[in-house]
Student: 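Quick one: this structure, given as structure tokens, is what I'll be asking you about.
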Amino acid sequence: QVQLVESGGGLVQAGGSLRLSCAASGRTFTNYVMGWFRQAPGKEREFVATLKWSTGTTYYVDSVKDRFTISRDNAKNTVYLQMNSLKPEDTAVYYCAGKFGLLDYNRYSQYRYWGQGTQVTVFS
């Protein structure tokens, strides 16, 4: 049984930083893509970043490039999202997700596995 468990959300002032973690268990993720999505109230779930587990290749939505970094720790089977220079518009529930293969990596409907989400609130 695959489980993705996020942690690390919280309340932070604009310009600050947070690091989200996603602990994955239940299968081997070598051929998987692990992504982060976010959803603000009244808005559709939005792609943030993704990482191809086997190669470490990463992709980002333009609005977070140069501010967010997705990475992995193979030994801990954990994916991270380091978020710097946070803005109020980054406020959302952040979800970790996993899918097989890189195709359509930015479409949330293509992801099979999901965590429970963690709230990130950025105040000015």
Student: Please list all pairs meeting disulfide (SG to SG under 2.5 Å) that have one or both residues in residues 17-111, counting only residues at least two apart or in different chains.
Tutor: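 Applying disulfide (SG to SG under 2.5 Å) to every pair that reaches into residues 17-111, excluding sequence neighbours, yields C22-C96.
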
Student: Indicate if I70 and V5 have the same hydrophobic cluster label, given that clusters are the connected sets of ILVMFWY residues with side-chain heavy-atom separations under 4.5 angstrom.
Tutor: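 Unlinked, I70 and V5 end up in two clusters.
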
Student: Evaluate side-chain contact (heavy atoms from CB on, under 4.5 Å) for K87 paired with R67, printing each intermediate quantity in order.
Tutor: CA-CA 10 Å; K87 305 174 181 180; R67 298 190 300 124; 3.8 Å; yes

Student: Should T69 and Y60 be marked as a side-chain contact (heavy atoms from CB on, under 4.5 Å) after you check the CA-CA gap, both sets of side-chain angles, and the distance that decides it?
Tutor: CA-CA 9 Å; T69 302; Y60 299 90; 3.8 Å; yes

Student: At what distance, to the nearest 0.5 angstrom, does OH of Y59 lie from NZ of K52?
Tutor: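 Going from the OH atom of Y59 to the NZ atom of K52 covers 7.5 Å.
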
Student: Atom CZ of R112 and atom CZ of F100: how far apart are they, to the nearest 0.5 Å?
Tutor: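 R112 CZ to F100 CZ: 11.0 Å, rounded to 0.5 Å.
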
Student: Give, for atom CG of L86 and atom CZ of F123, the distance between the pair rounded to the nearest 0.5 Å.
Tutor: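 Taking CG in L86 and CZ in F123, the distance rounds to 11.0 Å.
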
Student: Just by modelled atom types, is the L103 backbone N or O under 3.5 Å from a matching donor or acceptor in the R107 side chain?
Tutor: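 No: the side chain of R107 does not pair with the backbone of L103.
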
Student: Looking only at heavy atoms, which two atoms of A14 and P88 are closest? And how far apart?
Tutor: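 Nearest pair, atom of A14 first, then P88: CB-CD, 4.1 Å.
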
Student: Under the 3.5 angstrom rule, does the side chain of T91 hit a backbone N or O of V122 as a donor-acceptor pair?
Tutor: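 It does hold such a pair.
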
Student: Q116 side chain to E6 main-chain N or O, any donor-acceptor pair under 3.5 Å?
Tutor: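 Yes, Q116 side chain to E6 backbone: donor-acceptor pair under 3.5 Å.
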
Student: Are the side chains of T118 and L20 in touch, meaning some heavy atoms are under 4.5 Å apart?
Tutor: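 They are in contact (side-chain heavy atoms under 4.5 Å apart), so the answer is yes.
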
Student: Evaluate T57 against L51 for side-chain contact (heavy atoms from CB on, under 4.5 Å), listing each step before the verdict.
Tutor: CA-CA 6 Å; T57 305; L51 174 146; over 6 Å; no

Student: Would you mind writing out the side-chain donor-acceptor pairs for residues 73-84 within the sub-3.5 Å range, not counting sequence neighbours?
Tutor:
unit_1 : atom_1 : unit_2 : atom_2 : d
D73    : OD1    : A75    : N      : 3.0
D73    : OD1    : K76    : N      : 3.2
N74    : OD1    : W53    : NE1    : 2.9
N74    : OD1    : R72    : NE     : 3.4
N77    : ND2    : A24    : O      : 3.1
T78    : OG1    : K76    : O      : 2.9
Q82    : NE2    : N84    : OD1    : 2.9
N84    : OD1    : S17    : OG     : 2.9

Student: Side chains of Y32 and T30: does their closest heavy-atom pair fall under 4.5 Å?
Tutor: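 The answer is no; the side chains never approach within 4.5 Å.
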
Student: side-chain hydrogen bond (donor to acceptor under 3.5 Å, both in side chains): which pairs involve residues 33-44, sequence neighbours left out?
Tutor: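 side-chain hydrogen bond (donor to acceptor under 3.5 Å, both in side chains) check on residues 33-44 returns R38-E46, R38-D90, R38-Y94, Q39-R45.
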
Student: In the structure I gave you, are the side-chain heavy atoms of Y111 and V33 within less than 4.5 Å of one another anywhere?
Tutor: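 Yes, close enough: below the 4.5 Å cut-off.
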
Student: Checking ring-ring contact (aromatic ring centres under 6.0 Å, His included) for the pair Y105/F47: CA distance, chi angles, key distance, verdict?
Tutor: CA-CA 9 Å; Y105 66 81; F47 167 75; 5.5 Å; yes

Student: In terms of ring plane angle, is the pair Y113 and F29 parallel, tilted or perpendicular, where the classes change at 30° and 60°?
Tutor: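 It falls in the perpendicular class, over 60°.
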
